Amino acid sequence: MKSSAVLAAATLTTFASASAATRIACVGDSITAGSCSSGEPAFYPSQLQDLLDAEYGSGAYNVTNFGESGATMQKKGDSPYWERASFPKLVAETWDIVVIMLGTNDAKDEGSGGPSNWQHDCATLADCVFAEDYKSMIDTVRSLGNPDIYIMVPPPLMEDTIYGMNSTVINSVYPSLIPAIQADNKGVLGPIDIFSALGGVADWTSAFPDSCSLDSPWAPCSNFCDEQSCDQCHPNDDGYAALAKAVQAGLGL
Ligand SMILES: *[C@@H]1O[C@H](CO)[C@@H](O)[C@H](O)[C@H]1NC(C)=O
Ligand SMILES: *[C@@H]1O[C@H](CO)[C@@H](O)[C@H](O)[C@H]1NC(C)=O
């Protein structure tokens with residue numbers, strides 16, 4: 001009796017490890033959590049799961065959404081990811097791949113009507129608190145089974161000061177700062193450029209409209225504004241589809 005139970009348990013263990021999915025954790029804010037989408041099937045991690053299921057068959061990959069609305073990378077931000085409910089869940093497990101997309105809430109500043117999260121201190125990496133806390137997050141994630149770590153440039157902000165965010169920080173600072181952070185942290189992969197994938201351009205100050213509207217002539221506004229949702233920060237369902245595709249491509253899957 002006892003020995004057959006042990007044998008059954010051993011067989012189950014072997015089966016489980018042979019069929020184990022590649023585990024992907026998506027760390028981020030409301031753009032990972034899926035705000036302004038029509039619901040969970042449209043969240044980018046859900047759409048990434050669907051894309052990987054379609055490509056590799058169900059069970060090959062397991063994508064987990066660790067998005068926390070309003071979360072900052074900076075430990076002294078108004079809502080640090082480090083203190084949010086997903087953080088202990090993330091660090092309780094090991095991962096094969098971890099994708100990090102934070103910074104949008106760090107770009108809030110008083111001049112834009114938000115909390116003073118952004119310190120305007122990132123002219124060099126050495127003085128940049130955001131880069132320091134990013135490194136600390138990377139080191140934390142590295143300890144979770146040494147996963148492949150991908151960092152991402154967040155989507156563009158389509159209207160200055162919306163949600164108290166500074167569009168210069170999101171649209172000009174991050175597209176060069178996130179690659180610098182990637183290069184400065186050995187072994188970190190990417191950056192996956194979600195800024196460009198969702199229509200961000202270097203000359204955004206002249207190219208972007210003041211904000212996206214339903215009849216916007218700026219084509220990439222369709223990633224943010226249509227009948228389903230019109231927001232200047234969070235993608236709509238179509239934007240989340242583009243985001244999921246960009247992550248799949250960025251992961252080389
Ligand atoms: C995927 O991973 C999560 C987090 O570890 C786990 O809770 C869930 O059961 C897994 N799903 C499948 C289908 O294995
Ligand atoms: C936004 O950030 C830029 C770059 O640090 C800064 O020059 C600008 O004054 C900020 N805008 C506001 C409205 O505070």
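Owing to the predicted nature of the structure, the values given are computational and were not obtained by experimental measurement. Remember, it's 1-based here, ligands and their atoms both numbered in the order they're listed. This chain uses plain numbering: 1 for the first residue, then up along the sequence.
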Atom pairs and distances, side-chain donor-acceptor, residues 187-199, under 3.5 Å, sequence neighbours left out:
from	atom 1	to	atom 2	distance (Å)
D193	OD1	F195	N	3.2
D193	OD1	S196	N	3.0
D193	OD1	S196	OG	3.4
D193	OD2	S196	OG	2.5

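Of the N or O atoms in W118, none lie within a sub-3.5 Å distance of an N or O in ligand 2. Inclusion of H120 in the set of residues having an N or O under 3.5 Å from an N or O of ligand 2 is warranted.
Closer than 4.0 angstrom to ligand 1 lie heavy atoms from R23, N62, T64, E93.
Summarising the geometry, atom CD1 belonging to I151 is positioned 6.0 Å from atom CD belonging to Q182; distances are rounded to the nearest 0.5 Å. Residue M158 holds its CE atom at 6.0 Å from CZ of F224, rounded to the nearest 0.5 Å.
No salt bridge links E83 with K75; every basic N to acidic carboxylate O contact stays at or beyond 4.0 Å.
Here ring-ring contact (aromatic ring centres under 6.0 Å, His included) pairs that include residues 137-156, with residues two or more places apart or in two chains, number zero.
Close contacts of ligand 2 with N166, meaning ligand atoms under 4.0 Å from a residue heavy atom, involve 1 (C), 2 (O), 3 (C), 8 (C), 10 (C), 11 (N), 12 (C), 14 (O). Residue-ligand proximity, G111 to ligand 2, at heavy-atom distances under 4.0 Å covers atoms 13 (C), 14 (O).
If you look at T161 next to ligand 2, there are no close heavy atoms at all, none under 4.0 Å.
The SG atoms of C225 and C212 are placed at least 2.5 angstrom from each other.
Ring-centre distance between F130 and Y174: below the 6.0 Å cut-off.
Applying the salt bridge (charged side-chain N to carboxylate O under 4.0 Å, His left out) rule to E110 yields no partners; only residues at least two apart in sequence or on another chain are considered.
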